[in-house]
Structures are given as C-alpha cells and as structure tokens.
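A short worksheet on the structure shown next.
Proteins come first, then strands; the chains are lettered A, B, ... in the order of their sequence lines, and each starts at number 1. Keep in mind the model is a prediction, meaning the values are calculated, not measured.
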Amino acid sequence: MRMSRLFLRTLRDDPSDAEVDSHRLLVRAGYIRKVAAGIYSWLPLGHRVLRRVEQIVREEMDAAGAQELLLPIIQPLELWQRTGRDKAYGPLMFKLTDRKETGFALAPTAEEVITATVAGEYGSYRDLPVNLYQFGWKYRDELRPRFGLLRSREFLMKDAYSFDADIEGLKVSYKQMYDAYHRVFERCGLSFRPVEAQAGEIGGDVNHEFMAVAAVGEDDFVWCRNCDYAANVEAAVRAAPAPTAVGDGPQPDAMAPEHTPDLPGIKGVAEFLSVEPGQMLKCIAFDVDGEMGLALVPGDREVNPYALNRALAGRKVRLWDDADFDAHPDVPKGYIGPHFPGATVRVADPVVAVYTGDGWVTGANTVDHHVRHALFGRDFEVDSFADLVTVVTGDPCPRCGAPLSVDRGIEVGHTFQLGTKYSVALGAEYTDEKGAQHPMVMGCYGIGVSRVVAAVVEEHHDDSGLTWPAALAPFAVHLLSLPGKGEAAPEVRAAADRLYDELRAAGVEVLYDDRDQSPGVKFADADLLGMPTQLVLGAKGLARGVVERKDRGSGERDEVALDAVVGVISGS
RNA sequence: CGGGGAGUGGCGCAGUGGUAGCGCACCUGCUUUGGGGGCAGGCGGUCGGGGGUUCAAAUCCCCCCUCCCCGACCA
C-alpha cells in the first residue's frame, strides 16, 4: 500500500479524551476514530489488525473442529423472554421496535438464537456433538463505557457454542476450546492466564476467564508464579493455617475493656492501643435468612463475600449495610465483638483459632469501647471455620504453598460450561438410542476480538508508538523512501518503487511511504504506526547498494544489500 | 443513577460583556532534506442546542444534549 493513497491521518497531539495507552495510540496513529461514547470506526489500518486477530481465532476454532456460521444482530425480544434473560440484562440491552411494534434487541450475545437454531435442526444423539461459532458485533449499553476499545458499547466478539449429549461430552468439547484459547492468545503475543472464575447465575461447574496481564485491566486476579493455580479474586483461596488447640501455652489475662472514644475504625484503634491491625479481630455483621451473623477475620484482612456465601452454602447471605445498622440501633457498629449476644451464627477464618498468646483486641459490644485478650474457646465460640478472607499478594498458594500474586487483568476471553439452562428453556432436545428425550448439554466460549486488539497494544507499545507483534501488524514491512532534493532523488525514488514491487511480488505485505514529506515526518510516522520491520532507502545507502533495516520492537538497526533484501525479508 | 469536570475550525488549546484567536493538520509558492525544518500567503468556526438578560453574549442566567473522570453496575 502506498501511503500517498492510504486513508490515514496521524495526529501529533494525544486526543484529550483518551485515558489509556491503547486508546491514545490507536487514535493518534489513525487506526480508529470515535463516533460516539463506546462506539468506534475502524479505519483501514485498524481494520487490518482486527481482521488478523479474527483470522487467528478462525484458524484455531476450525482446527478445534468448530464450524463457522453467522447469526443475526437483530434478535426478537420474544426469544429473550423465553429464557428470562430480557430481565436479567435489562437496560444493558439496546432495544428497538419495528413498524408493527414488535420488540427486538441488538445482540448482546447469542445463546438464545443459537439454541433455537440447533433445536430446529437437530434432534438425535447421532447429531451430537456439534460446535458452532461466529464473529458478530455485540451491543451492550454499558453504564459507563471507558478506556476506548477495552469497554465499548459495540464490540466484535467470537462466540462459540457446543452441544453435547451429556456432561462427559461437554467436558471434551470444553477442553478443546480451552486448549484452542491458549493457542489463540499465544499467537496474538499476549501474556495471559486462564483463571477459575466464580460460577455465576448461568450455572455450570467450570468457568474460566482468560486474563491478559495489564495494569489498566479492570479485574483483579490471583495467580501463583510457581504452579498453575490462578483464580478470580472472588473465587481465590489460600492455603489455610492449621488451627492450634486452646490452651497451647499460658493463658492471657481475662478480657480487659479499654475506652476508645470515637474510634470505630481498625486503624485508629490499633494506633490508639499500640497494637498491629493484624492483632485485632474484625467482626463483620451479615444477614443470613433473617438472622444476624458475624464473620470473624483478622483486622488487617477483608471479608470475601463470595467466600462467606460458600461457607454458608444453601443459605442466603448478605453483608449488612448502613440501612441494616439503622434498623438495629442496639448493634454498636464499629464496636462489635465476637461475643456479641445478638448474633446467632458465627463463621471464623481459621486464623482466628490460632493461639496468639495474648488473645485478640476486638469490640466490646459497647460504643466507644474495645477489649484486649479475647480468646477463642474461652471468651467466644464459633459455629464453623471457613476461608473467609480476600486473598492478597503474599498469601500461600493453596496448591503449592508458594506466595501468590494479585494482578490486574483484561478479560479477553471466557469459557463456560452452561449445562441445560438454555436447551431446556428453548427445547433443544435429542432422542437417545432407546428413544428417550434429553436436553442437550451446552457450553459457550467467547473472545473479545476488538478487545484483544486493545489488550495487545497495552502490552506492545513504547513512547514513540505501537510495536505490533508480527502476527497482528497491518503490514509486515514499512518501506520509507528518502529521495531528498539532490541529484540522486529520481534514482532513489525509482529504486524504492522497484523494491516495493519486488517485495510485493515475493508475497510481502508492505506499507510504502512514497509521500513527499521530510525524513523526520516519515520516521516519526513509521514508529507511531508500528510495523515490525522498517526499511529505509536513501541516497547515501543507494550509492553503497544497501538498505537500512530497523526492528521496531528492539530498535536494532543493520544494513542489508539492496539486491539481497527481498530474499532476506521474504525468507525465500 | 450519585459526585466531579469539559464542550470554541479535522486535532490540541487560549479567549470572563465590546470586531473570534494561536499551534498542529490542510492548500499555494519559495527554501530545506537522515528523526515531526524555515519564510510568505491562504482555506476552514451559526463558539454543543434552545430560551432569557443586555445597546451589545463564546463570556451572565435558565433548560436540554453530548463527552470525559471517580463510584455503583458489568456474560
């Protein structure tokens, strides 16, 4: 492509509304333009990158045995009502009506359509398994679109759906997708981890989010650098310390009340009483089926609500908020102790039972008072122990014991074992060998194709601009001609034209800067646009029969003989 | 939706009641040519929209819209 003809305008200044590097650079380099909040146009260079990611995903999906199809973006609302998800999504869906007032939605995802489609075609165990996928624009009216392509209202998603006869089949289909995802993100040049995620309302046993490690990511996730353990913060656990029995060692003094005026916070009390926050016992009130419960954790830790829910499986658990405290003026917020008489359920982190020699500093159940020397087994009891705390960096890995890390990540893909929720609701059933009817067992698998582009930029850029991995670059080579105005100018121009033609004839995709611009402009644009290899042909080089080559990523330069460069670049 | 901020030419910005400006980009000419050169000339803006105050509004008042940030939310 000749740059003189390319639809491109680079910006010298950063766009004022871009907060993150991927957004800033993709706009500045002329890859995308904003049309509305969270809605972008993909200009020619950006479009080529998007198509590259798409093609990588397509190849891996096909290799994994999935079949590509294309589902509609406009979907009848009636279909969503049959699964109840019109309400679950609510205002997140873009809705519209046709001239007959029939309701439609712009696809936020496609479980309903694909399940209805399969239900209409297949009905025998002989048909299964089948895995279908598409690349489709998805629409979600996010409360707050932000970070450019990272959280947009319109985005390109690869969504795949597997249909199996039973759970065992689903697990096979799931593994194929899981492995394919690894290959996709490796080929895209991302540093990523699949993390075990909290099973959401969709249900299903296994659920992975593929997180690209990035400081601007919106999700925290926990992972072990020593083994393969990785998990969403909500689902993450740590190796729990073993409780030691009461009475190991000398008993501390009896509980001693201390006056701690106007100090409802852990930090203030710890300073006031000259103890570490970790020596304090935090008692968090929650509601469980209308009863009051207490979650007991060390003062320097946070209660993980999801872990609390797991600990009380089967019961409805909700942490108290301000309204609950307002409704119970007898409960001394900020001064609750583990022995608070109003609580009927007590769940403690295992650390609470560990003998500390001096007991815990905790609330005295009276406003403005705390106590010292609260001892588990003597001064208070609990109903059960559970791993309740939110994991932090340095906690021991539950599998190998090595220190865990908590990092930010961008969710570039997810895989779900769905089960039969959609097949039951939409009648996707099959007849088995004996003539009995069963709902198909489904999985769904998404990759945010446009989000991958942004995630790759977050990982592959520098101060000067983009530094594309070869697999995603719009062009493999950026050829710059520097003819100058000297006598050699026509020769340089002709030699660059010839090189451009020869490279293309050899199958190399090349962006050719044939513009009548100063060298500085061409260099700056080449670095900004970020093709992996730059070839510079100027008068001096031509006189010596060489082209200068620069590797954009490393910045390394060398010279290649003009008559050898096509072979070197094309690898032939 | 709550809180904060901003809408002035394609991009970045200045302009607090009195003739709409600057840099970049774009066009013309000259000059320069290995890291966003210089000189000269030029095109381009109902100052987000509507209403109001005033002799006079980008500027003050009211309403609305859009965009950005923090939060809540998020398969």
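Comparing rG34(B), rC69(B), rU32(B) by their closest approach to the side chain of V536(A) singles out rG34(B). Distance from the side chain of L143(A) is smallest for rA72(B) among the nucleotides rC68(B), rA72(B), rG35(B). In this structure, of rC67(B), rG34(B), rG36(B), it is rG36(B) that holds the atom nearest to the side chain of L528(A). Candidate nucleotides rU33(B), rG37(B), rC70(B) were compared by shortest atom distance to the side chain of K485(A), and rU33(B) ranks first. Checking rC67(B), rC74(B), rG37(B) against every side-chain atom of R151(A), the shortest atom distance belongs to rC74(B). Candidate nucleotides rG35(B), rC26(B), rC11(B) were compared by shortest atom distance to the side chain of L11(A), and rC11(B) ranks first. Counting only heavy atoms from C-beta on, D525(A) has its side chain closest to rG36(B) among rC67(B), rG36(B), rC70(B).
A distance of about 24 Å separates the C1' atoms of rC74(B) and rG5(B), rounded to the whole Å. The separation of rU59(B) from rG7(B), taken at their C1' atoms, amounts to 14 Å, rounded to a whole angstrom. On the C1' atoms, rC11(B) is 16 Å away from rC67(B), given to the nearest whole Å. Comparing the P positions of rG12(B) and rC69(B) gives an interatomic distance of 14 Å, to the nearest angstrom. Nucleotides rC47(B) and rA58(B) are separated by 5 Å at their C1' atoms, to the nearest Å. Here, rU54(B) and rA6(B) have their C1' atoms 27 Å apart, quoted to the whole Å. rG10(B) and rG51(B) are spaced 23 Å apart, taking the P atom of each and rounding to whole Å. Straight-line distance between the C1' atoms of rA57(B) and rG52(B): roughly 11 Å, to the nearest whole Å.
The interatomic distance linking L43(A) (CG) with rC11(B) (P) rounds to 13 Å, in whole Å. A straight line from CD of E142(A) to P of rC67(B) spans 14 Å, rounded to a whole angstrom. Rounded to an integer number of Å, the gap from CG of L150(A) to P of rC69(B) is 11 Å. Going from atom OH of Y306(A) over to atom C1' of rC74(B) covers 10 Å, rounded to whole Å. Rounded to an integer number of Å, the gap from CG of D527(A) to P of rG34(B) is 17 Å. When rounded to the nearest whole Å, the span between CZ of R28(A) and P of rG12(B) equals 12 Å. Remark: C1' of rC74(B) and CG of D220(A) are 15 Å apart, rounded to the nearest angstrom. When the C1' atom of rG7(B) is taken as reference, atom CG of D17(A) falls 12 Å away, rounded to whole Å.
Figure legend. rC39(B) is base-paired to rG29(B); pairs are counted as Watson-Crick or G-U wobble with both atom distances under 3.5 Å. Base pairing of rG2(B) is made with rC70(B), judged by Watson-Crick or G-U wobble geometry with both donor-acceptor distances under 3.5 Å. Under the Watson-Crick or G-U wobble criterion, with both distances below 3.5 Å, rG45(B) has no partner in any strand shown. Base pairing of rG23(B) is made with rC11(B), judged by Watson-Crick or G-U wobble geometry with both donor-acceptor distances under 3.5 Å. Searching all strands for a Watson-Crick or G-U wobble partner of rC55(B) with both distances below 3.5 Å returns rG18(B).
Residue R557(A) places a side-chain atom within donor-acceptor reach of the base of rG35(B), judged by atom type and a 3.5 Å distance cut-off alone. A donor-acceptor contact under 3.5 angstrom links the side-chain atoms of E548(A) to the base of rG34(B). Under 3.5 Å, the side chain of R146(A) and the base of rC68(B) form no donor-acceptor pair of N or O atoms.
A distance below 6.0 Å separates the ring centres of F210(A) and F185(A).
S518(A) has no side-chain polar atom (N or O) that falls below the 4.0 Å cut-off from OP1 or OP2 of rG36(B). For R12(A), no side-chain nitrogen or oxygen approaches OP1 or OP2 of rC11(B) to under 4.0 Å. When the side-chain nitrogen and oxygen atoms of K34(A) are compared with OP1 and OP2 of rC68(B), one or more of them lie within a distance under 4.0 Å.
Ring pair W80(A)/Y89(A) is perpendicular by interplanar angle, where above 60° counts as perpendicular and below 30° as parallel.
Not one N or O on the side chain of R24(A) forms a donor-acceptor pair closer than 3.5 Å with the backbone of E19(A).
The CD atom of E111(A) sits 7.5 Å away from the CG atom of D159(A) when rounded to the nearest 0.5 Å. Interatomic distance, CZ of F475(A) versus CG of L6(A), reported as 6.5 Å (0.5 Å rounding).
No side-chain N or O of Y512(A) forms a donor-acceptor pair with one of D501(A) less than 3.5 Å apart. A side-chain donor from one of D514(A) and S4(A) sits under 3.5 Å from a side-chain acceptor of the other.
Between P519(A) and D14(A), the residue anchored nearer the 5' end of RNA chain B, judged by the nucleotide with its closest heavy atom, is D14(A). Along RNA chain B, the nucleotide nearest S16(A) and the nucleotide nearest G446(A) are compared for position; the residue whose nucleotide lies closer to the 5' end is S16(A).
Taking a cutoff of 4.0 Å between a charged side-chain nitrogen and a carboxylate oxygen, D326(A) and K333(A) do not qualify as a salt bridge.
Note on K138(A): nothing from the nucleic acid sits closer than 4.0 angstrom, heavy atoms only.
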